[in-house]
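Encoded as structure tokens, the structure appears first; notes follow it.
Basis for what follows: all heavy atoms, side chains included, without hydrogens, waters or symmetry-related copies.
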Amino acid sequence: MRNSLLRMVSFSCTLFALVTCTFAEDKIDSAESIPDGVRIETVEIVPAKIELAHRLDYRQILVLGRNSDGELLDLTRIATVSQSKIASADGTGLVTPLSNGSDTLQFSVAGQTAELAVEVKDAEVSRPVSFVRDVQPALSRMGCNAGTCHGAKDGKDGFKLSLRGYDALYDHRALTDDISARRFNRAAPDQSLILLKATGSIPHVGGPRTDVGDRYYDIVRAWINGGATLDLDATRVASISVFPHNPIVPRAGMKQQISVQATFTNGEVRDVTREAFIESGNIEVVDADEAGLLTVLRRGEAPVLVRYEGAYAATTLTVMGDRSGFEWKLPETR
């Protein structure tokens, strides 16, 4: 028995050493930058033009650079952007409205500049918030209806929601009818129990899920302020699409932003990148965060699954190794 254990330990140590040696070249640098020896030939913005239709609207853009080998690199987070009075772009490529009008945002990286045309309408208008299309996805993204929280079989602490928000009627009644409708306050939306708990203003076992003034806070607050209505006839998601499709990342240690578009049954298309759930199917190769940013851990392939309100899409990310100095040689023939 003792000899068997020793052999198992020896094998594990040998395997660990082999893995460490095999992937020694794939160490990750915490500071994102263009890899040494990579020359960016052109830079483009995808999409090249966007329209923002209301105060809570947004669009995830990507700054892509093409190198001398024709490969596309995600340069979104290392690009610098010009200031504008109508829209703001943060360091992740998320563009949000400031005021009505049209303008051009300039993104500079690797000594080159690319332009993004932006048109903003109704930036100061608080459009009606849909419980089905806006509040339910926000609750899902905050984790409220997850199986580990109020979406569990018996809920948590006397409050139960349907798992992943599949039953809008049940969830609406839980929020507006249970415990004498104490979970929301039409007269003073900010004093609603659902918002006080979500921000950690009063004790919440799940901890803070959002902050005052954040996007999801504003969505739930606007819904309460508008009467906390239920719109079961709202248009539903028909399909979602992912960009880029089957991307190839040149080196380990780089990052790739994913953009998700939802098409509804009435033909409307909406950016839902921040509300979608983006998961890596191979966590040894790729790690995915809540904003849809994929971090490459080592060379290989990883399927990436995206889901949003019952719709699913998938893509595959391929990571190439360092090929500097490689020259193709014809195999020997007899």
Side-chain angles (χ1 to χ4, degrees), residues 29-35 38-67 72-127 129 134 138 141 199 210-219 221-222 242-244 247 254-262 268-276 278 289-295:
D29 186 355
S30 58
E32 194 173 358
S33 61
I34 300 175
V38 175
R39 180 181 177 183
I40 303 299
E41 301 284 350
T42 60
V43 174
E44 62 178 307
I45 309 295
V46 179
K49 180 180 179 180
I50 64 173
E51 295 181 1
L52 301 175
H54 53 83
R55 184 174 63 86
L56 293 175
D57 203 1
Y58 72 86
R59 191 64 190 271
Q60 175 68 58
I61 62 98
L62 276 73
V63 182
L64 301 176
R66 190 176 296 276
N67 65 11
L72 284 176
L73 286 75
D74 184 0
L75 308 177
T76 307
R77 290 152 305 284
I78 61 178
T80 57
V81 59
S82 62
Q83 299 297 317
S84 172
K85 293 183 179 180
I86 71 161
S88 172
D90 66 12
T92 68
L94 192 72
V95 183
T96 53
L98 296 176
S99 62
N100 296 336
S102 300
D103 200 356
T104 300
L105 294 179
Q106 293 185 339
F107 291 80
S108 301
V109 62
Q112 302 187 51
T113 300
E115 295 184 341
L116 171 69
V118 182
E119 183 177 359
V120 179
K121 300 178 180 179
D122 300 328
E124 300 176 355
V125 176
S126 298
R127 67 176 179 83
V129 174
D134 299 312
R141 186 67 273 182
T199 57
T210 186
D211 291 319
V212 177
D214 280 357
R215 173 179 173 79
Y216 301 140
Y217 181 95
D218 287 345
I219 287 175
R221 185 188 186 283
V242 179
F243 180 84
M254 299 184 68
K255 299 177 186 290
Q256 176 66 61
Q257 176 67 51
I258 294 294
S259 173
V260 184
Q261 304 291 307
E268 178 188 353
V269 179
R270 179 191 292 189
D271 193 322
V272 296
T273 305
R274 297 306 168 97
E275 287 73 54
I278 302 173
D289 70 6
E290 292 185 353
L293 182 63
L294 306 179
T295 300

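Between the side chain of Asp57 and the backbone N or O of Ala53 there is at least one donor-acceptor pair closer than 3.5 Å. Formation of a donor-acceptor pair under 3.5 Å by the Asp289 side chain with backbone atoms of Ala291 is found in this model. Under the 3.5 Å distance criterion, the side-chain polar atoms of Ser84 are left unmatched by any main-chain donor or acceptor of Leu105. At least one donor-acceptor pair under 3.5 Å links the side chain of Thr273 to the backbone N or O of Val260.
Residues Gln257 and Leu62 come closest through the heavy atom pair O-CD2, 3.4 Å. Here the closest heavy-atom approach between residue Asp211 and residue Tyr217 is recorded as O-CB, 3.3 Å. Closest heavy-atom contact between Ala110 and Ile34: CB-CD1, 3.8 Å. Contact record, Ile61 with Thr76: O-CG2, 3.9 Å, taken as the closest heavy-atom pair. What you find for Glu32 and Asp74 is that their closest heavy atoms are OE2-O, 4.1 Å.
With sequence neighbours left out, the side chain to side chain donor-acceptor pair (under 3.5 Å) criterion links Thr113 to Ser108. The salt bridge (charged side-chain N to carboxylate O under 4.0 Å, His left out) check on Arg66 picks up nothing, with sequence neighbours excluded. Looking at residues two or more places apart in sequence or on another chain, you find a side chain to side chain donor-acceptor pair (under 3.5 Å) between Glu268 and Arg133. Partners of Ala262 according to the side chain to side chain contact (heavy atoms under 4.5 Å, CB included) rule, which considers only residues two or more places apart in sequence or in another chain, are Val237, Ile240, Phe264, Val272, Tyr308. Here Glu275 pairs with Arg215 under the salt bridge (charged side-chain N to carboxylate O under 4.0 Å, His left out) rule; sequence neighbours left out. In terms of the side chain to side chain contact (heavy atoms under 4.5 Å, CB included) criterion, residue partners of Val43 (sequence neighbours excluded) are, by chain and number, Ile40, Val63, Val109, Gln112, Ala114. Applying the salt bridge (charged side-chain N to carboxylate O under 4.0 Å, His left out) criterion to Asp271, with sequence neighbours excluded, gives Arg59. Here Arg274 pairs with Gln60, Thr92 under the side chain to side chain donor-acceptor pair (under 3.5 Å) rule; sequence neighbours left out. Residues passing the salt bridge (charged side-chain N to carboxylate O under 4.0 Å, His left out) test with Arg270, sequence neighbours excluded: Asp134. Under the side chain to side chain donor-acceptor pair (under 3.5 Å) criterion, Gln256 pairs with no residue at all, not counting sequence neighbours.
Counted within 6.0 Å of CD on Glu41, heavy atoms from surrounding residues, nucleotides or ligands total more than 12; the atom is thus considered enclosed.
Screening residues 86-115 for salt bridge (charged side-chain N to carboxylate O under 4.0 Å, His left out), with sequence neighbours left out, gives no hits.
In this structure, the side chains of Leu72 and Glu44 come closer than 4.5 Å at one or more pairs of heavy atoms.
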Is there a side-chain contact (heavy atoms from CB on, under 4.5 Å) between Leu64 and Leu75 once you walk through the steps?
-> CA-CA 6 Å; Leu64 301 176; Leu75 308 177; over 6 Å; no
Pair up each side-chain donor or acceptor in residues 93-102 with any protein partner under 3.5 Å, not counting sequence neighbours, and list the distances.
| unit_1 | atom_1 | unit_2 | atom_2 | d |
| --- | --- | --- | --- | --- |
| Ser99 | OG | Lys85 | O | 2.8 |
| Asn100 | OD1 | Asp122 | N | 2.9 |
| Asn100 | OD1 | Ala123 | N | 2.7 |

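To the nearest 0.5 angstrom, Leu294 atom CG is 4.5 Å from Ile258 atom CD1. Remark: Asn67 CG to Leu73 CG distance equals 5.5 Å, nearest 0.5 Å. Remark: Arg77 CZ to Ser33 OG distance equals 11.5 Å, nearest 0.5 Å.
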